[in-house]
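Just below is one structure, and these are the notes that go with it.
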Amino acid sequence: EKPLARNRYECEDLIKTAKEHNAYLIPFQQSFFAPYYLKAQEIVKSGVLGKIMQIDITYNNFARRWDWQTLQKKLGGGIYNTGPHPIGLALGFLDFDKDVSVKYSKLDKALTSGDSDDYAKILLVAPKKPLIDIEVCSNDANPAWNLKILGSRGTLYSNLKEYKLTYIVDGENPEKPVQEEFLQDENGNPIHCRENLIKHFEEGEFDPQAVFTGATERVYREIYQLILENIPVTITAENAMQVVEIIDRVHAENPLPLIY
């Protein structure tokens with residue numbers, strides 16, 4: 001289950017122990033097989049958005065919790081409980097680059113009854129890769145999209161139910177050379193830059209339950225194929241360890257008062 005362990009050291013111990021006993025250690029992170037994530041990866045790799053500059057991953061809601069998963073002593077809180085999903089997807093978009101680092105992080109309490117976080121903001125960076133902006137918050141009353149991908153040629157919005165893609169194609173819109181003088185209309189009046197770009201649109205829908213049904217089925221199908229056919233799984237224990245490293249770093253940077 002996610003998270004694989006409390007920290008990198010426990011992950012390394014689990015991986016080492018599994019190898020010593022010729023056992024399989026497979027993390028359950030079904031979000032990597034969610035249709036909206038697979039579609040986003042397909043669009044990113046197609047190049048239609050151009051250079052990917054920023055990816056926002058939002059797992060927000062507007063709700064309270066008061067169970068054991070709100071307690072630090074039980075390893076509760078938003079980024080332990082929900083965080084492995086968006087952090088894992090973020091690392092997936094960054095190709096699990098070994099040089100990923102936390103550029104900024106903030107944890108806080110909003111509506112939770114416990115002493116662990118239910119507000120999290122995390123910025124991840126890696127060399128020559130897009131900026132990743134992650135939110136896991138319980139105080140967002142209008143969480144419209146789980147993914148927003150900004151490229152040099154367009155934008156993708158996506159959630160568990162649907163996606164909307166808007167982009168331009170090189171060569172379809174006339175080049176606009178820089179003008180140092182004030183822009184003006186035919187009467188000599190100053191104007192702002194404005195034009196009607198030729199844009200392309202694409203939309204689609206997903207089964208919102210697929211992340212729990214089809215995605216989960218694929219996890220177990222991969223386990224079956226690993227055991228019987230020696231086909232490697234998509235998400236390894238080493239990948240899950242990198243997720244835990246991010247979580248551990250964010251907690252270290254944002255200690256919250258221990259109340260319970």
Side-chain angles (χ1 to χ4, degrees), residues 1-11 27 29-32 34 36-37 53-94 96-97 99-126 129-150 157-160 211 239-260:
E1 252 297 358
K2 49 79 181 170
L4 185 63
R6 290 181 294 183
N7 51 52
R8 177 186 178 90
Y9 308 106
E10 288 190 351
C11 292
Q29 298 233 206
Q30 87 281 14
S31 291
F32 286 97
Y36 79 98
Y37 173 72
M53 307 174 78
Q54 178 176 326
I55 301 176
D56 296 352
I57 308 177
T58 304
Y59 271 53
N60 291 352
N61 65 2
F62 192 57
R64 300 187 299 174
R65 289 192 73 159
W66 53 92
D67 59 343
W68 66 267
Q69 293 196 62
T70 67
L71 299 173
Q72 292 187 56
K73 67 181 180 181
K74 298 288 189 179
L75 295 183
I79 61 168
Y80 261 134
N81 180 35
T82 304
H85 294 294
I87 294 172
L89 300 188
L91 291 171
F93 282 119
L94 296 174
F96 285 95
D97 192 302
D99 293 320
V100 172
S101 63
V102 178
K103 193 68 175 178
Y104 172 83
S105 68
K106 180 179 180 179
L107 298 181
D108 209 338
K109 290 175 51 182
L111 299 173
T112 179
S113 297
D115 59 357
S116 58
D117 64 279
D118 66 342
Y119 170 91
K121 167 71 81 170
I122 306 169
L123 300 182
L124 300 182
V125 296
K129 298 289 175 64
L131 170 71
I132 309 288
D133 185 334
I134 300 169
E135 281 189 11
V136 182
C137 306
S138 69
N139 56 345
D140 184 350
N142 188 29
W145 303 101
N146 294 108
L147 282 177
K148 182 172 74 172
I149 301 180
L150 302 176
Y157 290 92
S158 182
N159 58 26
L160 272 64
V211 68
N239 296 146
M241 179 170 65
Q242 198 169 357
V243 173
V244 171
E245 284 186 276
I246 299 297
I247 294 173
D248 201 24
R249 168 60 61 184
V250 172
H251 276 126
E253 293 179 352
N254 300 271
L256 295 177
L258 187 62
I259 301 174
Y260 300 101

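Hydrogens, waters and symmetry mates play no part in the numbers below; they use all other heavy atoms, side chains included. Nothing here was measured: the structure is a model prediction, and the numbers come from that model. In this chain, numbering begins with 1 at the start of the sequence shown.
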- [ ] Kindly indicate whether the side chain of Ile132, heavy atoms from C-beta on, has any atom under 4.5 Å from the side chain of Val100.
- [x] no

Task: Donor-acceptor contact below 3.5 Å, side chain Asn159 vs main chain Ala144 - done: yes

Task: Shortest non-hydrogen separation from Leu4 to Cys11 and the atoms involved - done: CD2-SG, 4.1 Å

Task: Inter-residue atom distance His251.NE2 - Asp117.CG, 0.5 Å rounding - done: 5.0 Å

TODO: Any chance you could measure Glu253, atom CD, to Leu107, atom CG, to the nearest 0.5 Å?
DONE: 9.0 Å

Open item on the list: Please give me the minimum heavy-atom distance between Arg64 and Trp66, naming the atom from each residue.
Closed with: O-CZ3, 3.7 Å

Task: Heavy-atom side-chain proximity of Phe93 to Leu124 below 4.5 angstrom - done: no

TODO: Give a yes or no on whether the backbone of Tyr119 and the side-chain of Lys106 come within a donor-acceptor separation of less than 3.5 Å.
DONE: no

Task: Minimum heavy-atom distance between Leu94 and Pro130, given as atom pair plus value - done: CD2-O, 3.6 Å

Open item on the list: Return the CG to CD distance between Leu131 and Gln54, rounded to the nearest 0.5 Å.
Closed with: 5.0 Å

Open item on the list: Let me confirm one number: the CZ-CD distance from Arg8 to Glu245, rounded to the nearest 0.5 Å.
Closed with: 4.0 Å

Task: Criterion side-chain contact (heavy atoms from CB on, under 4.5 Å) on Gln29 and Val243, from CA distance to verdict - done: CA-CA 11 Å; Gln29 298 233 206; Val243 173; 4.2 Å; yes

Open item on the list: Just so I know, are the side chains of Arg249 and Ile246 near enough to count as touching, which here means a heavy-atom distance under 4.5 Å?
Closed with: no

Open item on the list: If I take atom OH from residue Tyr59 and atom CG from residue Asn81, how far apart are they, to the nearest 0.5 angstrom?
Closed with: 12.0 Å

TODO: Would you indicate whether the side-chain heavy atoms of Ile247 and Pro84 approach each other to under 4.5 Å?
DONE: yes

TODO: Using a 4.5 Å cut-off on heavy atoms from C-beta on, say whether the side chain of Ser105 contacts that of Leu123.
DONE: no

Task: Heavy-atom check, side chain of Tyr37 versus side chain of Ile57, under 4.5 Å - done: no

TODO: Classify the side-chain pair Thr112/Asp118 by whether it contains a donor and acceptor separated by less than 3.5 Å.
DONE: no

Task: Salt bridge present between Asp248 and Arg6 (N-O < 4.0 angstrom) - done: no

TODO: Please work out whether the ring planes of Tyr157 and Trp145 are parallel, tilted or perpendicular, with thresholds of 30° and 60°.
DONE: tilted

Task: Check: Glu135 side chain, Asp56 main-chain N or O, donor-acceptor pair, under 3.5 Å - done: no

Open item on the list: How about CZ on Arg65, more than 12 heavy atoms from neighbouring residues, nucleotides or ligands closer than 6.0 Å, or not?
Closed with: yes

- [ ] Determine yes or no for a side-chain-to-main-chain donor-acceptor pair under 3.5 angstrom, with Ser116 supplying the side chain and Thr70 the backbone.
- [x] yes

- [ ] Could you tell me the separation between the CD atom of Gln72 and the CG atom of Asp115, rounded to the nearest 0.5 Å?
- [x] 4.5 Å

